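I have placed the structure first, in the form of structure tokens, so that the comments after it can refer back to it.
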Amino acid sequence: MSTTQSERLRDLLEPLVTSKELDLEEITVTPAGKRRVLRVVVDSDSGVSLDTCAELSRELSEKLDDADAMGDGEYVLEVTSPGADRPLAQHRHYVRAVDRLVKFQLTAEAGGGELIARILKVDDEGLDLEVPGVKGRKPTARRLAFADIAKARVEIEFNRKNKPADNTENTEEA
């Protein structure tokens with residue numbers, strides 16, 4: 001059984017990433033001219049700061065050099081957090097998206113089609129959602145099992161109207 005370079009890199013780097021209380025979301029190695037780009041995507045429940053990425057980058061670089069994991073060729077190491085539009089694929093992704101608006105692509109077994117709803121609660125079986133009302137109607141509650149989700153992605157909201165009640169800062173109008 002052979003292992004891919006990404007799997008070997010994950011085995012090498014994941015202990016260091018988890019020691020920083022971060023989740024290793026993805027490792028990719030892609031060619032970029034004469035070099036390669038090693039992209040390491042990390043996340044946590046509280047997000048990832050630029051300083052954390054920079055510190056982790058230094059430590060991962062040292063570990064990669066010590067283990068000679070990338071071989072002799074030149075490479076660029078990028079340590080980053082997932083973008084706002086990344087797919088929700090694991091339970092922890094849904095937990096981190098609580099109170100966010102999400103576009104779901106439903107499985108054929110669930111009737112197919114798309115559903116846009118706000119995640120209110122996540123448990124082991126699925127999600128409790130609030131489906132926005134259309135044309136002045138009130139939002140409705142809906143339960144969605146994980147098995148009914150083919151794809152899911154957070155929708156970016158620039159002008160969210162009903163923000164949570166604890167966000168009372170800057171309520172003065174200009």
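Please read all numbers here as calculations on a predicted model, not as lab measurements.
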(request) For E7 and T4, indicate whether the former's side chain and the latter's backbone hold a donor-acceptor pair under 3.5 Å. (result) yes

(request) Kindly indicate whether the side chain of V154, heavy atoms from C-beta on, has any atom under 4.5 Å from the side chain of L101. (result) no

(request) Output the distance between atom NZ (K20) and atom CG (L22), rounded to the nearest 0.5 Å. (result) 8.5 Å

(message) Do L127 and I149 make a side-chain contact, defined as non-hydrogen atoms from C-beta onward lying under 4.5 Å apart?
(response) yes

(message) Taking the side chain as everything from C-beta on, heavy atoms only, tell me whether C53 gets closer than 4.5 Å to V48.
(response) yes

(message) Is there a path of hydrophobic side-chain contacts, each under 4.5 Å between heavy atoms, that joins V122 and L106?
(response) yes

(request) Give the intermediate values and the outcome of side-chain contact (heavy atoms from CB on, under 4.5 Å) for residues E21 and D45. (result) CA-CA 9 Å; E21 297 183 3; D45 289 343; over 6 Å; no

(request) Hey, could you give me the CD/CG distance between E130 and L120, rounded to the nearest 0.5 Å? (result) 5.5 Å

(message) Is there a side-chain contact between R86 and E26 in this structure, where contact means two heavy atoms from C-beta onward sitting under 4.5 Å apart?
(response) no

(message) Between D99 and K121 (salt bridge meaning N to carboxylate O under 4.0 Å), is one present in this structure?
(response) no

(request) State yes or no: do I119 and V95 share one hydrophobic cluster built from I, L, V, M, F, W and Y residues joined by side-chain heavy-atom distances below 4.5 Å, directly or via other members? (result) yes

(request) Give, for atom CZ of R8 and atom CD1 of I27, the distance between the pair rounded to the nearest 0.5 Å. (result) 11.5 Å

(message) Which heavy atom of Q105 sits nearest to which heavy atom of G113, and what is that distance?
(response) NE2-O, 3.2 Å

(request) Mind checking the CD-CG spacing from E62 to L60? Nearest 0.5 Å is all I need. (result) 10.0 Å

(message) Please check this pair: side chain of R36 against backbone of G73, looking for a donor-acceptor N/O pair closer than 3.5 Å.
(response) yes

(message) Which heavy atom of P82 sits nearest to which heavy atom of V42, and what is that distance?
(response) CD-O, 3.1 Å

(request) Answer yes or no: are there more than 12 heavy-atom neighbours, outside E74 itself, under 6.0 Å from its atom CD? (result) no

(message) Show, in sequence, the C-alpha distance, side-chain angles and deciding distance for L64 and L38, and conclude whether the side-chain contact (heavy atoms from CB on, under 4.5 Å) test is met.
(response) CA-CA 11 Å; L64 287 163; L38 169 59; 3.5 Å; yes

(request) Could you check V40, D65, V37 and say which one makes a side-chain contact (heavy atoms from CB on, under 4.5 Å) with L77? (result) V40

(message) For residues L129 and I116: do they belong to one hydrophobic cluster (side chain heavy atoms under 4.5 Å, members Ile, Leu, Val, Met, Phe, Trp, Tyr)?
(response) no

(request) Write down the atom of L24, the atom of R92, and the distance for their closest heavy-atom approach. (result) O-NH2, 4.1 Å

(message) Quick check: closest heavy atoms across R143 and D123, and the distance to 0.1 Å?
(response) NH2-OD1, 2.7 Å

(request) Kindly say whether R58 contributes a backbone atom to a donor-acceptor pair with the side chain of S61 at under 3.5 angstrom? (result) no

(message) How long is the straight-line distance from OH of Y75 back to CE of M70, given to the nearest 0.5 Å?
(response) 6.5 Å

(message) Taking atom CZ as the centre, does R35 end up with more than 12 heavy-atom neighbours from other residues, nucleotides or ligands that are less than 6.0 angstrom away?
(response) no

(request) Of all the heavy-atom pairs spanning T107 and A150, show the shortest one and how long it is. (result) CG2-N, 3.7 Å

(request) Applying side-chain contact (heavy atoms from CB on, under 4.5 Å), run through R118 and V131 and close with a yes or a no. (result) CA-CA 6 Å; R118 189 168 309 282; V131 180; over 6 Å; no

(message) By the definition salt bridge (charged side-chain N to carboxylate O under 4.0 Å, His left out), identify the one residue from R96, R39, R10 that meets it with E25.
(response) R96

(message) With side-chain contact (heavy atoms from CB on, under 4.5 Å) as the criterion, how do R153 and F104 come out once you've worked through the C-alpha distance, each side chain's angles and the decisive distance to 0.1 Å?
(response) CA-CA 7 Å; R153 190 177 300 269; F104 298 94; over 6 Å; no

(message) When you group the ILVMFWY residues by side-chain heavy-atom contacts below 4.5 Å and let the links chain together, are V79 and V41 in the same group?
(response) no

(request) Return yes when atom NZ of K151 has more than 12 non-hydrogen atoms of other residues, nucleotides or ligands closer than 6.0 Å, and no otherwise. (result) no

(request) State, to 0.1 Å, how close Y94 and A152 come at their nearest heavy-atom pair, and which atoms those are. (result) OH-CB, 3.6 Å

(message) Please say yes or no: joined through hydrophobic side-chain contacts below 4.5 Å, possibly via intermediate residues, are L115 and V102 part of one cluster?
(response) yes

(message) Could you measure the distance from the CG atom of L13 to the NZ atom of K63? Nearest 0.5 Å is fine.
(response) 7.0 Å

